[in-house]
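Order of appearance sets the numbers: ligands from 1, and atoms from 1 within every ligand. In this text, all values refer to a predicted model and were calculated from it rather than measured experimentally.
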Amino acid sequence: MRQLVYISTVHRAVATTIDPATILAASRRNNARDGITGLLFFNGKRFLQAIEGEEAAVATTFARIQADGRHYGLVVLSNREVAAREFGEWAMAYQPPGAADPAALDRITTLAERAAPDVRGTFEGFARAA
Ligand SMILES: Cc1cc2nc3c(=O)[nH]c(=O)nc-3n(C[C@H](O)[C@H](O)[C@H](O)COP(=O)(O)O)c2cc1C
């Protein structure tokens with residue numbers, strides 16, 4: 001099973017109009033079909049996402065995400081083989097821009113609790129710094 005984690009930046013042109021719910025809806029539909037689980041965190045400026053599933057499904061999904069004009073500058077932070085899923089479901093957490101939100105951090109901590117320590121640390125660090 002493959003797990004990929006990347007970070008990206010929202011396009012300024014769409015930053016104020018982007019609707020995380022739209023991304024969530026498409027992702028939920030496609031990911032359920034393709035057996036992809038993971039976590040998408042958005043803080044109004046950057047996305048941090050983990051996707052995991054069968055090798056081919058992860059490759060296809062990531063190619064589609066990369067081609068999405070709503071974000072740019074994708075950097076893969078981690079690309080590893082995992083014995084079992086670390087994110088059992090598909091979820092998204094949104095932290096509105098501005099002050100760090102303890103509720104968002106709590107949610108991230110819960111959603112990433114079974115992820116490998118470095119992956120969990122990446123999500124928690126991102127949520128704290130945002
Ligand atoms: C930050 C970000 C994360 C996304 N994550 C996913 C995802 O996990 N799965 C997915 O199918 N689409 C994801 N998308 C949406 C895809 O880029 C694309 O819009 C969508 O797959 C198109 O689906 P449709 O052809 O069913 O409308 C993401 C988009 C963005 C900007």
Where is the nearest protein heavy atom to [atom]: which residue, which atom, and how far?
atom                    : answer
atom 22 (C) of ligand 1 : N30 ND2, 4.1 Å
atom 7 (C) of ligand 1  : S27 OG, 3.3 Å
atom 17 (O) of ligand 1 : D68 OD2, 2.6 Å
atom 5 (N) of ligand 1  : Q49 NE2, 3.1 Å
atom 9 (N) of ligand 1  : N31 OD1, 2.9 Å
atom 11 (O) of ligand 1 : R64 NH2, 2.7 Å

Parallel, tilted or perpendicular: rings of H71 and Y6 (30°, 60°):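 Rings of Y6 and H71: perpendicular, over 60°.
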
Aromatic plane relationship, H11 with Y72 - under 30° parallel, 30 to 60° tilted, over 60° perpendicular: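 Because their plane-to-plane angle lies in the 30° to 60° range, the rings of Y72 and H11 count as tilted.
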
Contact partition for [X] relative to ligand 1, non-hydrogen atoms under 4.0 Å:
X   : answer
I23 : side chain
F62 : neither
W90 : side chain
H71 : side chain

contact_flag Y6 ligand 1 heavy-atom lt 4.0 Å: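 Yes, Y6 has heavy atoms under 4.0 Å from ligand 1.
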
Linked, directly or transitively: L105 and L39 (ILVMFWY side chains, under 4.5 Å):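 In one cluster with L105: L39, no.
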
Single-linkage hydrophobic cluster, 4.5 Å side-chain cutoff, L77 and F126 together: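 Yes; tracing contacts between hydrophobic side chains, which count when under 4.5 Å, links both residues.
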
E86: which of R114, R80, R120 passes side chain to side chain donor-acceptor pair (under 3.5 Å):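 Answer to the side chain to side chain donor-acceptor pair (under 3.5 Å) test with E86 among R114, R80, R120: R80.
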
Member of R70, Q66, R64 meeting the side chain to side chain donor-acceptor pair (under 3.5 Å) criterion with D68: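 With D68 as partner, side chain to side chain donor-acceptor pair (under 3.5 Å) holds for just one option, R70.
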
Heavy-atom side-chain contact between F47 and I18 under 4.5 Å: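 Yes. Closest side-chain heavy atoms under 4.5 Å.
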
Ion pair check, E52 and R2, cut-off under 4.0 Å: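 Looking at R2 together with E52, the answer is no, because their closest N to O distance does not fall below 4.0 Å.
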
For R29, the ligand 1 atoms whose distance to one of its heavy atoms is below 4.0 Å: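 Those of ligand 1 that fall under 4.0 Å from R29 are 24 (P), 26 (O), 27 (O).
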
